[in-house]
Structure formats: C-alpha cells, structure tokens
Amino acid sequence: MSIRFFNTYSRALEEFQPRASASRKIDMYTCGPTVYSRAHIGNFRAYVFEDLLQRHLELRDYKVCRVMNVTDVDDKTIRGARAAKIPLAEFTAPFKQAFFEDIETLRIKRANEFPAATDRRYVDKMIAMIGTLVSRGLAYQADDKSVYYRINKFPGYGKLAHFDLTQLQSTGRVKNDEYDKEHVGDFALWKAWDEEDGDVKWDSPWGPGRPGWHIECSAMATAILGDQIDIHCGGVDNIFPHHEAEIAQTEGVTGKQFVRYWLHCAHLLVDGQKMSKSLGNFYTLPDLLERGYTGREIRYSLMRVHYRAPLNFTWEGMEEARQALARIDDWLERLHETVAGKIDPSKADKIDLQPGARFEEALDDDLNISAALGLLFESIRETNRALDRNELGAAAANAWLQWWERIDSVLVIQPEVASLPAAIAALAEARMQARLAKDWRKSDELRDELSARGWEARDTKDGQKVTRRAGA
RNA sequence: GGCGGGGUAGCCAAGUGGUAAGGUCGGGGUCUGCAAAACCUCUAUUCGCGGGUUCGAUUCCCGCCCCCGCCUCCA
C-alpha cells in the first residue's frame, strides 16, 4: 500500500511520490522557531508532528534531508533586544539554546541543518532573490525605500490558501501604515532600515535594511535543498500569508514548482481555548517538567492526536499519557523477562501470535497515529493474555520486542533505563526479607518508603519487582 | 463576509453504506497477606440537529447549529 498525505495545496489526500523515487531521497523543509522567547507547547506540537513524519518516512526506507530554519531577526527579536539593551545576537542566543534543549527533551530528531536568518550566506541569497524579482517586475521599491512583492503579477498567488485576492480584508492585526504599497496584499521582501532597528541592518542595492520574514525561508530552502523540495511543513497559521508568499517568491525566481506536498498541523488548544499569557494557560516545556511530567510523556501527549485535528491540551490528558506509557512499560518488561527465561524457561509457544505490519500501514494513511496506537494497544492486550495463559514463549516474545524496536523508531517513547541506586536496592532487599518472615507491617512500611522515593515495589509470582514510578 | 479544520461514551479518540477500534477514568470479578500489574467483565440501541437517497447511513446528498483557526510577518 502506498503512502498518502493530505496536501494543503489540493485539499485532497494524495499518493506520496517524491521526486527522486529511485534514490528514495526526500527533501523536507520545516518552519522553525522565532527566537524572541521560549517556544511554547503549541510550537512543539508542530515539531513533534514533523518528527513523526520524518521518522515514519525513514521507517519506510526513505532518506530524509530536513532543514529547519531559525528566525533570529524580525520585529519581535529587534524589539526584545532593544528592551534588554543588548545586541540582537546576544538577545537571541539563549532562546536558541533553549530551543535545542527542548527538542532534545521531546526526543525530536535534529534536522540536518538549522540555518539562521542572520547568516551572511543566506542574507546574500535573499538579496540576490529580491534582485531577480525586481528585475522581472515581480517586486518594486516603494517610496518608503522598502521592497515589496507585486502580488498581482504572480498568477498563482492565493492558490495555497484558496483566497480570492479581492476578498482580502484587514483584520487590523498588523498595523497598516504602509501607504506606499501598490496593493494592500503586497508584502515586504526587504524592509528599509529605520531608527527602531538600531544597528540591525545590512547593505543592499535598495539601501540599508533587513529581509522580510517570508524571503528568509525561500532563500534558505533553495540554498540548502535546491529549487524544488518534496515536503514543506508548518502550522496551519503559516498557510497564509507565509507559505503563500514563499511560493510566490521562490517560483517567481526559479519558474519551477517549489513544493510538491504541503503538510500543515492543526493548532493546540489549552482547556479548549487558544493559549495566551493573559488567560494563564500558556505553557513552555519547563513549565510541564516542573509539574513532574517527563519529556516522553509530553511527547506522547502531543503526538497522540492526528496532526490535522485540533489537540486540546489538559492535565487530564497528561495523566492519561502517563498511564498509557506505564502500560507499555510493563508490557515491555514482561516481554524482556520472558525472553530472558526468567519466568519459566521450559515454556514453549503454544499459540501463533506474531506481530504484523498494520501499525506502519496505519501511519502510511496520512499518519493515522490514533489507529496505529490502537493496534499497539490491541497487540499489548493479546500478548499479555497469552503470557497470562503461559502460551507465549521466548521466541514469540523476542519477535514482539523486535517489532517494538521497529515501531518505537517512529514513536520514540521507550522508557529510560533507570538503574537501581544502592539505597533503593537495600530497601528492596530489606522488604524481601520482611516478606519472607511474613512481617507484613514492616514490608508495607518499606513499600511506602520506596514509593516516597519514587520507586514502586510490586510482588509477582516470580518475586518482588522494583521499578521507577510513572512520572517520577 | 470569504476560506479551512473539528463536533463519536465522563474525558481523549479510530472508523466503515450493513449495524461502533483503542486509550484513560469509574463499577464488579480472578490473582494477591494486602496492594500493584495483568486478565475477564460492565459503562454509546448510538455517532451535533433536521430532512433526503437507500432494503439499510454514524458513514452519501441538502439545509441548519456549535467550537476552533486563517483572512498580510502567531506552529
């Protein structure tokens, strides 16, 4: 069965056919963070989705080259640097670092490249592209010295967002003080320097200034990946104007189709509402870590809803994620013990219960993660039942663990192996002695003590098991 | 007003023209010194509402309602 994705451009489910079918190489560009503050969990929902996408394509033997830009110059970063009275680069550096820490916490695979908008190489490329657009009449310098894209000259403008240009209305979200533009929809390619920008400026044929936001992605994508790429991702709010502008800029320069598949991730809501600082429902990764949730628990909770459906973030949802992961952890532990022969080495496989390919087939279908996880949990119940009945032996358990390794290359929710600290091992040993002596009171006290230290003691028919408590 | 996404059990959520996966929570049971885990079992005669097509619709068509987003620099 083929891989299918919902392409924003066509608003239809399409069979995935990358350009280089023989080499199985895929070029993927994903819009990254603007480093003016710490990224919030809504941002990370998109990045986790992109990670899932990349990892699933790799599971399907594609070689993915992914680029994620870092926007380190724009109105907000400049404003922040001015407010802090420090140079722009000094202002953005800690947010860049925080971003990389956060993606590591969420087990997001690092992109091959993280180009920065202020990199001289890319600024030059942006200036070159703008020059081409101007020479072709697709852009013009206005009286305010800024250079704008002449959207009426690009026939395809509006096709991604499915907007009719005559219907564009101002929401007043952006201050509309650009009276020099020919059309309200014309967007800035090059922003002329003004006093507010301080020393943030580059020389250009149009005078000192800085690049517009949209051109940076066009320049960095084509500089690193070439004129055409297979997949471009982002949040739904990037469809317009950002990605629409990228198409106009890039295709205006190259004359070739820029992107084959546009994939956009729906928003994350918090308690049914848009996240905002004024509502007090604005969370960053450190906020959740402080509440005791782990990176993989957050990853799971951000991943478990299909990317095109809105995801409502709640603490109840975090608890659910924790419990679901604990179920997986216990299952893995059981399989490992079965493989190691700890439970009963004489056991043979009595039933034919083998993993299948349905998990990855579910992901082939526009990353249907809910269906895929449903299959995982069904498999867990079936294998647990067989283990309960002593019908599943080491060979089958091993096959299931290998299957797990395969699907976890996409999910990446494997528990960390926590070794038993000496003090915990001593408590566990003491409790085992108490149980042998049938000193239940002491045994229960020791269990409580272990629990208080974040460890859980469970008595099985094969003896006591001590594991790290969920979330601890 | 234009353009999208969504409305399935307490909560999260998959899905199909033929009668509702899975997770989580809660009740009961097996096991256990007690727990835990696991397993068994119960919890939507029903899929936002109203029509239509059909032998049959949650699934297709029409109309309506609600939520969320975008409509010029927010993932």
Side-chain angles (χ1 to χ4, degrees), chain A residues 6 8 11 30-34 39-50 71 74-76 149 151 158 161-171 173-174 176 178 181 183-188 191 212-214 216 233-242 244-245 264-269 272-276 301 304-306 308-312 314 316-317 319-324 326-327 329-331 333-334 362 368-381 384-389 435 438-441 443-444 447 451 456-461 465 467:
Chain A
F6 186 87
T8 306
R11 308 280 160 136
T30 52
C31 285
T34 299
H40 55 70
I41 56 173
N43 297 309
F44 288 110
R45 185 205 183 179
Y47 306 147
V48 166
F49 143 65
E50 289 152 4
T71 299
D74 79 321
D75 290 352
K76 284 179 291 215
Y149 197 99
I151 61 169
H162 294 216
F163 280 158
D164 176 354
L165 291 185
T166 63
Q167 297 292 321
L168 286 185
Q169 289 184 5
S170 174
T171 54
R173 203 181 76 190
V174 175
N176 201 358
E178 291 153 342
K181 296 193 292 185
H183 185 288
V184 284
D186 289 353
F187 55 89
K191 302 185 101 163
W213 178 44
H214 312 304
E216 99 185 32
C233 305
V236 283
D237 48 354
N238 274 158
I239 296 171
F240 195 89
H242 186 53
E244 194 72 63
H264 292 96
C265 178
H267 270 273
L268 175 119
L269 302 174
Q273 292 181 291
K274 188 168 177 170
M275 231 185 328
S276 78
S301 72
R304 63 190 232 282
V305 173
H306 183 83
R308 281 194 291 117
L311 166 58
N312 191 19
T314 60
E316 197 180 356
E319 233 13 75
E320 180 187 325
R322 169 168 293 178
Q323 293 309 322
R327 182 167 166 77
D329 294 352
D330 287 326
W331 174 68
E333 174 75 13
R334 227 176 149 182
N368 191 340
I369 187 69
S370 301
L373 289 173
L375 288 161
L376 167 62
F377 286 108
E378 260 178 49
S379 301
I380 289 176
R381 182 161 37 76
N384 272 332
R385 187 190 298 147
L387 286 163
D388 276 0
R389 293 177 185 168
R435 292 196 75 241
K438 296 202 187 298
D439 184 349
W440 308 127
R441 231 187 69 135
S443 157
D444 290 347
R447 182 164 60 197
S451 176
E456 185 178 52
R458 304 204 308 239
D459 303 309
T460 73
K461 56 180 184 284
K465 277 201 260 183
T467 51

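All figures in this text were calculated on a predicted structure; none of them were measured in a lab.
- A donor-acceptor pair under 3.5 Å is formed between the side chain of A:Ser379 and the backbone N or O of A:Leu375.
- An OP1 or OP2 oxygen of B:A13 is reached within less than 4.0 angstrom by no side-chain nitrogen or oxygen of A:Arg304.
- Residues A:Ala457 and A:Asp74 each lie close to RNA chain B; by heavy-atom proximity, the contact nearer the 5' end of the strand is made by A:Ala457.
- Base contact: A:His267 has a heavy atom under 4.0 Å from a base atom.
- Under 4.0 angstrom from either OP1 or OP2 of B:U72 there lies no side-chain N or O belonging to A:Lys181.
- The phosphate of B:G23 (OP1 or OP2) has a side-chain N or O of A:Arg327 nearer than 4.0 angstrom.
- Looking at the side chain of A:Asp237, the nearest of the listed nucleotides B:G5, B:A35, B:C74 is B:C74.
- Rounded to the nearest Å, the gap between the C1' atom of B:G5 and that of B:U45 is 31 Å.
- As judged by a 4.0 angstrom heavy-atom cut-off over every strand, A:Lys438 is placed among residues making no nucleic acid contact.
- A:Asn384 has its side chain out of reach of A:Arg381: every pair of non-hydrogen atoms, C-beta onward, lies at least 4.5 Å apart.
- As judged by a 4.0 angstrom heavy-atom cut-off over every strand, A:Asp330 is placed among residues touching the sugar-phosphate backbone only.
- An OP1 or OP2 oxygen of B:A14 is reached within less than 4.0 angstrom by no side-chain nitrogen or oxygen of A:Asn368.
- With both pairing distances under 3.5 Å, B:C74 is matched to nothing as a Watson-Crick or G-U wobble pair.
- Side-chain to base pairing of A:Glu320 with B:G23: one donor and one acceptor N or O lie within less than 3.5 Å of each other.
- Residue A:His264 is out of contact with every strand shown, counting any heavy-atom pair closer than 4.0 Å.
- Residues A:Arg327 and A:Leu376 fail the side-chain proximity criterion, which asks for heavy atoms closer than 4.5 Å.
- Using a 4.0 Å heavy-atom criterion, one finds that A:Thr71 contacts no nucleic acid atom at all.
- With distances taken from any side-chain atom of A:Val236 to the nucleotides B:G69, B:C39, B:A13, the minimum falls on B:G69.
- Between A:Asp459 and A:Glu319, the residue whose closest nucleotide on RNA chain B is further toward the 5' end is A:Glu319.
- In terms of phosphate contacts, A:Arg334 brings no side-chain nitrogen or oxygen within less than 4.0 Å of OP1 or OP2 of B:A36.
- Comparing the same atom, C1', in B:G56 and in B:U16 gives a spacing of 14 Å after rounding to whole Å.
- With P as the reference atom, B:U24 and B:C40 are 13 Å apart, rounded to whole Å.
- Distance check on atom P: B:A44 versus B:G2 gives 41 Å, rounded to whole Å.
- A stacking contact links A:Trp440 to B:G33: the aromatic ring centre lies within less than 5.5 Å of the base's six-membered ring centre, and the planes differ by less than 30°.
- The same atom, C1', is picked in B:A21 and in B:U59; the two are 16 Å apart, to the nearest Å.
- Among the atoms of the strands shown, none is found under 4.0 Å from any heavy atom of A:Gly317.
- Looking at heavy-atom distances under 4.0 Å, A:Leu269 makes contact with sugar-phosphate atoms alone, never a base.
- Closest contact between the side chain of A:Ala371 and the listed nucleotides B:A14, B:C34, B:C71 involves B:A14.
- Of the candidates B:U24, B:G33, B:A13, B:U24 carries the atom nearest the A:Gln323 side chain, counting heavy atoms from C-beta on.
- Comparing the same atom, C1', in B:G50 and in B:U58 gives a spacing of 15 Å after rounding to whole Å.
- Comparing the C1' positions of B:A9 and B:G69 gives an interatomic distance of 27 Å, to the nearest angstrom.
- Comparing B:G6, B:G33, B:G2 by their closest approach to the side chain of A:Pro310 singles out B:G6.
- The side chain of A:Ser370 approaches B:A14 more closely than any other nucleotide in the set B:A38, B:A37, B:A14.
- On the C1' atoms, B:G26 is 36 Å away from B:C64, given to the nearest whole Å.
- Counting only heavy atoms from C-beta on, A:Glu316 has its side chain closest to B:C11 among B:C11, B:U72, B:C74.
- Taking both residues in full, the closest heavy atoms of A:Arg45 and A:Ala266 are given as NH1-O, 3.0 Å, listed atom of the first, atom of the second, then distance.
- Side-chain proximity of A:Arg435 to B:G4, B:G6, B:G33: nearest is B:G33.
- Residue A:Lys465 contributes atom NZ, which lies 12 Å from atom P of B:A37 at whole-angstrom precision.
- A:Arg447 contributes a side-chain N or O that forms a donor-acceptor pair with the base of B:A35 under 3.5 Å.
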